[in-house]
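We count residues from 1, following the sequence as given.
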Amino acid sequence: PFRSEDFEFPDLLGAAYEYLVGEFAVSAGTEGGEFYTPRAVVRMMVRLVKPAEKMRVYDPCSGSGGMLILSHEYVAEHGGDPRDLRLYGQELNGGVWSISKMNMLLHGIPDADLQNNDKGTLEAPAHVEGGELMRFDRVVTNPPFSMNYNKDGIPFPERFHYGWCPETGKKADLMFVQHMASVLRQGGIVATVMPHGVLFRGGTERDIREGFLKGYLLEAVIGLAPNLFYGTGIPACILILRAKGAKPPQRRGKVLFIN
């Protein structure tokens, strides 16, 4: 019988499925990075933002759901009740969304709010309440690197307070970061994987970075080694951002860089 009490440890089915998804990501080559982030990276990101019970945790590019599942596990491991944690995700690819739904079920998380549409989070954010974007306590994600996007008719333009990246040239990265920052609750925190280009590219991206700094949003930049992610050998980084007004006074005007 497939009951938790009959297994060697309670989450055996979920762990087996995670293993298979990881193997699938390896075999998928360049496409593997579209839905799977190495679990060591995810675990570090979750430990940095410290989700707790009664919080809302959101992944705007949720892939196979690993960020949300490890947030759920973190709460349980630290004495909280993960049933009081609300999980939200959005995924563009229907097949990957199906994988994430199965992943949640096998980990015993049937009530995670995972949305799927064919436009994605920038052009069609799916989590809306009362005509406004839903707000979250923690945002943990690995969005697609270096995408183009279409500015025409994009909803909730107030998300992009610090500027609009070029629509071509594969520079939508900081558009995703602005979306994440815009949906934070008071005191909320973002941890997101980004390509290193967001740290030094000029033009509008420089202006957006300046906005993050002057608004005291950016807490830390963590440089990661190359060859960590499936499908790309380029080095990436993790950006940690706080909600507007949430940065402690002693940290204002400062950013922690970790190489």
Side-chain angles (χ1 to χ4, degrees), residues 21 25 32-51 55-74 85-93 96-97 99-100 103-104 109 112-117 119-127 133-147 149 156 159-160 165 172-185 188-198 208 212 217-222 224 228-232 236-243:
V21 172
E34 293 180 12
F35 62 86
Y36 189 81
T37 305
R39 289 305 175 249
V41 176
V42 179
R43 198 166 288 111
M44 179 180 73
M45 293 170 68
V46 170
R47 287 173 63 188
L48 287 169
V49 303
K50 298 181 172 66
M55 282 186 178
R56 288 178 173 181
V57 179
Y58 172 57
D59 185 343
C61 308
S62 50
S64 61
M67 301 274 184
L68 301 175
I69 288 168
L70 265 70
S71 297
H72 184 271
E73 291 179 0
Y74 180 91
L85 186 71
R86 311 307 302 166
L87 301 177
Y88 302 84
Q90 180 170 347
E91 173 54 42
L92 173 71
N93 183 304
V96 172
W97 173 81
I99 290 174
S100 68
N103 209 0
M104 292 293 171
I109 316 172
D113 182 355
L114 302 181
Q115 300 291 328
N116 168 239
N117 62 37
K119 288 189 175 180
T121 304
L122 290 183
E123 297 180 20
H127 293 92
L133 289 171
M134 194 178 286
R135 305 286 168 157
F136 306 95
D137 301 286
R138 299 290 184 266
V139 181
V140 195
T141 190
N142 179 8
F145 288 0
S146 307
M147 278 179 52
Y149 76 100
F156 305 105
R159 291 179 287 170
F160 311 114
C165 296
D173 304 303
L174 289 179
M175 300 296 286
F176 280 109
V177 178
Q178 289 189 88
H179 167 76
M180 297 168 206
S182 74
V183 297
L184 284 178
R185 279 177 162 173
I189 301 176
V190 169
T192 179
V193 180
M194 280 282 131
H196 272 191
V198 302
I208 294 170
F212 289 166
L217 302 187
L218 188 61
E219 178 66 55
V221 179
I222 303 169
L224 302 176
L228 273 182
F229 298 93
Y230 299 110
T232 177
C237 62
I238 293 171
L239 302 185
I240 308 293
L241 297 97
R242 292 185 183 271

[X] side chain to [Y] backbone, donor-acceptor under 3.5 Å:
| X | Y | result |
| --- | --- | --- |
| Ser64 | Ser100 | no |
| Asp113 | Tyr88 | no |
| Trp97 | Leu92 | no |
| Arg159 | Phe156 | yes |
| Glu91 | Gly63 | yes |
| Arg39 | Thr37 | yes |
| Gln90 | Ala126 | yes |

Nearest heavy atoms of [X] and [Y], plus distance in Å:
| X | Y | answer |
| --- | --- | --- |
| Tyr74 | Lys50 | OH-CG, 3.4 Å |
| Ile208 | Cys165 | CD1-SG, 3.7 Å |
| Met104 | Ala112 | SD-CB, 3.9 Å |

Could you state the interatomic distance from [atom1] ([X]) to [atom2] ([Y]), rounded to the nearest 0.5 Å?
| X | Y | atom1 | atom2 | value |
| --- | --- | --- | --- | --- |
| Arg135 | Arg185 | CZ | CZ | 10.5 Å |
| Cys237 | His196 | SG | NE2 | 5.0 Å |
| Phe176 | Thr192 | CZ | OG1 | 9.0 Å |
| Leu174 | His179 | CG | NE2 | 14.0 Å |
| Met147 | Cys61 | CE | SG | 8.0 Å |
| Ile99 | Leu114 | CD1 | CG | 12.5 Å |

Item to check | Geometric class of the Phe136/Tyr58 ring pair [parallel <30°, tilted 30-60°, perpendicular >60°] | outcome: parallel
Do [X] and [Y] come within less than 4.5 Å of each other through their side chains, counting heavy atoms only?
| X | Y | result |
| --- | --- | --- |
| Val221 | Met194 | no |
| Met45 | Val41 | yes |
| Ile240 | Ile189 | yes |
| Pro143 | Asp173 | no |
| Val57 | Leu68 | yes |

Item to check | Derivation of the side-chain contact (heavy atoms from CB on, under 4.5 Å) call for Gln178 and Phe212 | outcome: CA-CA 9 Å; Gln178 289 189 88; Phe212 289 166; 3.9 Å; yes
Item to check | Val190 vs Val177, side-chain contact (heavy atoms from CB on, under 4.5 Å): CA-CA, chis, key distance, verdict | outcome: CA-CA 9 Å; Val190 169; Val177 178; 5.8 Å; no
Item to check | Chi angles and distances behind the side-chain contact (heavy atoms from CB on, under 4.5 Å) call for Arg138, Met55 | outcome: CA-CA 8 Å; Arg138 299 290 184 266; Met55 282 186 178; 3.4 Å; yes
Item to check | Asp137 bridged to Arg56 by N-O distance under 4.0 Å | outcome: no
Checklist entry - Could you walk me through whether Val193 and Thr141 pass the side-chain contact (heavy atoms from CB on, under 4.5 Å) check? => result CA-CA 7 Å; Val193 180; Thr141 190; over 6 Å; no
Item to check | Side-chain H-bond candidate by donor/acceptor type, Gln115 with Asn117, under 3.5 Å | outcome: no
